[in-house]
Amino acid sequence: MADFQRAIRERVLVLDGAMGTMLQERGLPAGGCPEEMNLDAPVVVEGVHREYAGAGADILVTNTFGGSRVKLAHYGLEGRVAEINARGVEIARRAAGAERFVAASIGPTGRFLEPVGDASFDEMVEIFGEQVAAFAGAGADLITLETFLDIRELRAAVIACREFSELPVMALMTFDDGGRTVLGTPPEAAAVTLDALQVDVLGSNCGLGVDGIYAILEKMRSVTTRPLISQANAGLPVLKDGQTVFPGTPEEMTAYHERMLALGVRVIGGCCGTTPAHIRAIRQALEGASCAWTPPARQSFLSSRTAVVPIGGNAPCVVIGERINPTGKKAYSQELREGKTAYIRREAQEQMAAGAGLLDINCGVPGVDEPAALERAVFAASGVASAPLVLDSSDPAALERGLKAADGKVLINSVSGEQKSLAAVLPLARKYGAAVIGLALDETGIPESAAGRVAVAGKIRDAALAAGLPPGDLVIDCLTLTVSAEQLRAMETLRALRAVKSELGLATVLGVSNISFGLPCRPVISSAFFAMAMEAGLDAAIINPKEERMMDAYRAAMVLLAGDLRAEEYIAHYGGVAAAPVAPTATGAEVGIRERLAAAIIEGDKDGIVPLVEEALGEGLTVMAVSNEGLLPGLEEVGRRFGSNQIFLPQVMLSAETMQTAFARLKGEMTGAVASLGKILMATVEGDIHDIGKNIVCTLLENHGFEVIDLGKNVPAQRIIEQAKALGVDAVGLSALMTTTLRQMEVTIGRLREAGIKVFTMVGGAVVSQEYADSIGADLYAADALEAVAKVKELFRQKAE
Ligand code: B12
């Protein structure tokens with residue numbers, strides 16, 4: 001184990017190339033299970049490893065990428081996880097001998113985590129843990145987590161590696177040519193999160209050629225000091241005579257070598273399309289190259305799934321929005337009791353719009369299950385806001401649940417100098433890769449003098465270092481006392497703050513507004529204190545960013561302290577206006593019900609949508625008005641934001657589920673006619689999982705007296721033919737939403753004809769047009785559900801005549 005860590009410090013290691021394509025060339029049938037060959041054809045797998053060893057690879061990667069029980073279940077092999085993964089390590093070890101490293105590979109499961117999917121974080125850790133335990137038992141040297149798209153799934157995999165082994169870990173994500181993972185994570189956010197989990201090497205594989213991977217690693221390097229890994233494809237795949245071909249030559253793989261080495265890339269290998277020839281070229285290019293590298297200076301960051309925020313060090317002071325806290329907020333407290341999240345989502349967005357860089361989340365209300373509430377709150381806030389989160393709780397169980405729910409590196413609020421607190425909170429920060437706020441108080445209370453508070457801060461720092469946290473991830477709160485009660489001691493806080501920075505070199509945070517408690521016009525005092533604290537070096541301020549005076553002080557101090565270079569933010573905010581007030585945000589009562597329905601779809605407010613639909617119906621809106629004037633415009637906006645990269649797949653999925661929930665409720669309002677006008681089979685075609693539009697068409701057809709059999713989504717042509725025949729339907733309706741799945745309509749209609757099944761065929765979906773419908777011989781096309789009903793009725797009427 002120590003060997004690998006020493007080796008990457010001393011030299012640059014060559015990792016091997018693609019496995020799957022090599023196995024296919026050696027007899028793995030298309031659609032076969034590569035990992036099963038560890039049992040059935042170990043000699044073939046070993047042969048591939050030997051070729052890579054012969055080409056000069058220092059690290060051989062096991063044939064276990066799809067070895068989780070979720071992936072193996074596709075082949076009925078879920079009961080053989082331990083065996084398949086252990087064999088994978090043993091085979092690689094035979095080829096590697098003692099002088100090469102064996103890296104045991106884990107890929108994603110393909111399942112989505114809650115709240116988008118149904119897998120829990122703990123379940124994911126357990127699934128990956130099965131593979132990890134097998135690797136450790138079989139003598140792997142390290143684990144490589146590859147091709148991950150979801151940063152939270154990767155967090156679970158890293159934690160499984162730590163829980164079930166002591167092996168070093170490399171963690172790699174796959175980015176598309178827009179520079180983000182499919183789930184919206186940019187390289188910087190991935191790197192901050194993985195760095196905090198203290199993986200040994202991090203980087204990127206697959207998806208891009210060597211130039212694209214270099215650009216990704218450059219971004220990662222801007223936020224991490226850890227060794228990097230590059231595992232590029234052999235160029236970007238192209239279709240040639242119906243076959244996928246990787247055009248990158250072995251020489252092209254080495255084009256970025258010098259720059260890679262200068263960047264601190266310590267492991268270089270290949271992904272899809274690379275062969276032993278590519279690995280040999282990489283090895284040769286490294287001969288004689290200077291492999292010396294000194295890690296850059298460390299700056300601390302926090303991250304969400306889509307963004308990073310620097311904290312401490314050279315970074316400007318960041319605002320932590322304090323409004324998601326039930327203290328003194330009846331409406332939010334009530335929501336927490338009812339398990340709702342509308343307040344959290346609204347405040348998350350409004351505070352960010354007002355200038356918060358981080359969002360504090362507190363769910364502590366008596367009688368509320370705080371761990372469950374914090375998890376819900378993290379999901380809700382992460383769904384609508386890109387700001388990294390500050391988990392605010394004194395209950396370690398709640399903190400742990402929130403840490404599992406978070407996508408990135410959060411800030412824990414807080415640990416104190418009390419032994420019990422240090423013992424409970426610091427291990428959580430280390431395990432889940434979080435930074436921590438340390439309160440300068442201990443068993444004896446808040447020390448009166450600045451020196452006393454600095455001493456407690458020192459104690460917390462020592463405990464954090466002993467727990468394995470980097471000092472940059474500790475942010476000390478010197479505690480704001482109330483000036484009206486202890487006027488002579490107010491400045492003691494700022495003296496402590498300066499000393500914590502200069503003597504201990506730690507970052508600082510303050511709950512600023514406490515200074516003015518008990519005085520009239522509190523923002524006058526609070527904002528002055530805020531500016532003074534910023535001058536003393538404050539790194540983060542917990543405030544209400546919707547309080548104008550506080551943000552005025554913040555923006556002004558940022559200019560004066562050169563945190564806002566060229567006063568850009570200041571000018572953008574105040575330019576042209578003497579002092580532009582923050583527009584009061586519209587409350588629920590001021591916005592029309594149609595807009596609120598649309599907003600609920602955009603935000604993915606699954607809990608809130610049914611009461612809103614009911615409110616709309618109560619106001620006298622028809623079912624069609626709720627749908628066409630409220631819900632659908634919301635979904636259209638979701639589509640626009642998705643198309644322009646403002647939101648990403650998890651948010652679209654939440655919006656889609658919210659839409660389905662709304663329609664399930666609306667369905668209850670429609671009382672269908674009794675007699676059946678005809679029998680219609682509906683399906684979304686194979687390869688396409690969009691079914692919202694098809695479901696609406698089904699509901700309206702039923703409501704207008706048709707008997708509808710809904711086969712669901714992603715339905716193969718064969719099943720549609722079988723069911724149409726077996727059920728003796730009058731019509732078959734097909735839906736498709738993607739250009740890539742359109743052709744399945746033609747295939748299905750062609751097969752219906754070949755099978756001699758005489759039914760009306762109808763087609764629809766955003767990409768379908770009348771022209772296309774005509775070209776494939778469909779009997780009917782409709783642009784929306786209402787038109788579909790009208791046209792189907794007309795068609796059936798003509799048939800009856
Ligand atoms: C919601 C959504 C999703 C949800 C779907 C959830 C669900 N249960 O349906 C999720 C998140 C799962 C999703 C996934 C993906 N999506 Co999507 N998604 C959308 C989105 C935002 C809205 C689609 C929608 O529901 N519209 C509202 C409904 C009511 O409209 P409609 O389906 O057209 O239906 C109406 C009519 O067409 C008609 N109609 C529909 N069917 C039928 C059938 C018949 C017989 C008749 C007569 C009429 C009819 O009546 C309906 C009601 O009025 C669109 C963007 C957009 N603006 O369309 C992208 C969009 C369709 N998705 C897209 C993509 C690329 C994907 C993914 C590949 C993303 C990815 N990178 O992984 C995956 C696809 C996975 C797969 N294999 O299918 C692209 C497709 C691009 C293209 N032209 O090929 C779009 C256009 C977004 C974009 N701009 O890039 N997506």
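Just the heavy atoms: all of them, side chains too, but no hydrogens, waters or symmetry mates, feed the values below. Atoms within a ligand are numbered from 1 in the order they appear, just like the ligands themselves. Numbers here simply count residues along the sequence, with the first being 1. Quick caveat, the model's predicted, so the values are computed rather than measured.
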Quick one: salt bridge (charged side-chain N to carboxylate O under 4.0 Å, His left out) partners of Arg111, sequence neighbours excluded?
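In terms of salt bridge (charged side-chain N to carboxylate O under 4.0 Å, His left out), with neighbours along the sequence ignored, Arg111 is linked to Asp118, Glu123.
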Of the choices Gly733, Ala788, Gly693, which has the non-hydrogen atom that lies closest to atom 31 (P) of ligand 1?
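The residue whose heavy atom sits nearest atom 31 (P) of ligand 1 is Gly693.
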Looking only at non-hydrogen atoms, which of Val767, Leu734, Asn714 approaches atom 45 (C) of ligand 1 most closely?
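That would be Leu734.
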Have a look at ligand 1 and work out which part of [X], if any, has a heavy atom under 4.0 Å from it: side chain, backbone, both or neither.
| X | answer |
| --- | --- |
| Ala656 | side chain |
| Thr739 | both |
| Ala783 | backbone |
| Ile696 | side chain |

Apply side-chain hydrogen bond (donor to acceptor under 3.5 Å, both in side chains) to residues Gln131 and Arg69 and explain how you reach the verdict.
CA-CA 9 Å; Gln131 279 186 278; Arg69 68 167 183 248; over 6 Å; no
Gap separating the SG atom of Cys206 from the CG atom of Asn233, nearest 0.5 angstrom
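The CG atom of Asn233 is 4.5 Å from SG of Cys206, to the nearest 0.5 Å.
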Hey, could you give me the CZ/CZ distance between Phe663 and Arg665, rounded to the nearest 0.5 Å?
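That separation rounds to 13.0 Å.
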I need the atoms of ligand 1 closer than 4.0 Å to a non-hydrogen atom of [X], numbered in the order shown.
| X | value |
| --- | --- |
| Asp784 | 38 (C), 50 (O), 53 (O) |
| Asp691 | 7 (C), 8 (N), 9 (O) |
| Val697 | 39 (N), 48 (C), 49 (C), 50 (O) |
| Met762 | 45 (C) |
| Asp688 | 78 (O) |
| Ile689 | 7 (C), 8 (N), 9 (O), 12 (C), 75 (C), 76 (C), 78 (O) |
| Ala782 | 47 (C), 48 (C) |

In a table with atom names and distances, give each donor-acceptor pair under 3.5 Å that connects a side chain of residues 599-613 to protein atoms at least two apart or in another chain.
from   : atom 1 : to     : atom 2 : distance (Å)
Glu603 : OE1    : Arg345 : NH1    : 2.7
Glu603 : OE2    : Gln349 : NE2    : 3.1
Asp605 : OD1    : Arg345 : NH2    : 2.5
Asp605 : OD1    : Gly608 : N      : 2.8
Asp605 : OD2    : Arg345 : NH2    : 3.0
Lys606 : NZ     : Glu657 : OE1    : 2.8
Asp607 : OD2    : Thr341 : OG1    : 3.3

Does [atom] have a protein non-hydrogen atom under 4.0 Å from it?
| atom | answer |
| --- | --- |
| atom 7 (C) of ligand 1 | yes |
| atom 81 (C) of ligand 1 | no |
| atom 1 (C) of ligand 1 | yes |
| atom 48 (C) of ligand 1 | yes |
| atom 15 (C) of ligand 1 | yes |

In the protein, what heavy atom is nearest to [atom], and what distance, to one decimal place, separates them?
| atom | result |
| --- | --- |
| atom 89 (N) of ligand 1 | Gly643 CA, 4.0 Å |
| atom 33 (O) of ligand 1 | Ala766 N, 3.2 Å |
| atom 26 (N) of ligand 1 | Leu635 CD2, 3.6 Å |
| atom 41 (N) of ligand 1 | Ser735 OG, 2.7 Å |
| atom 71 (N) of ligand 1 | Val182 CG1, 4.1 Å |
| atom 10 (C) of ligand 1 | Met653 CG, 4.2 Å |
| atom 39 (N) of ligand 1 | Gly765 N, 3.4 Å |
| atom 29 (C) of ligand 1 | Leu632 CD2, 3.5 Å |

Above 12 or not: heavy atoms from other molecules or residues under 6.0 Å from NZ of Lys791?
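Atom NZ in Lys791 is packed in, count exceeds 12.
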Tell me if the CD atom of Glu771 is crowded by more than 12 foreign heavy atoms within 6.0 Å.
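Open: at most 12 neighbouring heavy atoms sit under 6.0 Å from CD of Glu771.
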By residue and atom, what protein N/O/S atoms are less than 2.8 Å from atom 17 (Co) of ligand 1?
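Listed by chain and number, the nearby protein N, O or S atoms are His690 NE2.
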Taking the basic N atoms (NZ, or NE/NH1/NH2) and the acidic carboxylate oxygens, is any pair closer than 4.0 Å for [X] and [Y]?
| X | Y | answer |
| --- | --- | --- |
| Glu615 | Arg596 | yes |
| Arg743 | Glu746 | yes |
| Glu794 | Arg797 | yes |
| Lys404 | Glu375 | no |
| Arg305 | Asp150 | no |

Has [X] got a side-chain atom pairing as donor or acceptor with [Y]'s backbone, closer than 3.5 angstrom?
| X | Y | value |
| --- | --- | --- |
| Asp688 | Thr684 | no |
| Asp407 | Arg152 | no |
| Ser303 | Lys409 | yes |

Do any side-chain atoms of residues 730-740 form donor-acceptor pairs under 3.5 angstrom with protein atoms, and if so which ones, sequence neighbours left out?
from   : atom 1 : to     : atom 2 : distance (Å)
Asp730 : OD1    : Lys799 : NZ     : 3.4
Asp730 : OD2    : Lys679 : N      : 2.6

Check the angle between the aromatic planes of Phe796 and Phe706 and answer parallel, tilted or perpendicular using the 30° and 60° thresholds.
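Because their plane-to-plane angle is over 60°, the rings of Phe796 and Phe706 count as perpendicular.
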Would you please determine whether Gln660 falls within less than 4.0 Å of ligand 1 on a heavy-atom basis?
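Distance cut 4.0 Å: Gln660 passes for ligand 1.
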Go through the steps to decide whether Thr109 and Glu153 satisfy the test side-chain hydrogen bond (donor to acceptor under 3.5 Å, both in side chains), and finish with yes or no.
CA-CA 9 Å; Thr109 61; Glu153 186 183 9; 2.8 Å; yes
Side chains of Ile151 and Met173 in contact at under 4.5 Å (non-hydrogen atoms):
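Yes. Closest side-chain heavy atoms under 4.5 Å.
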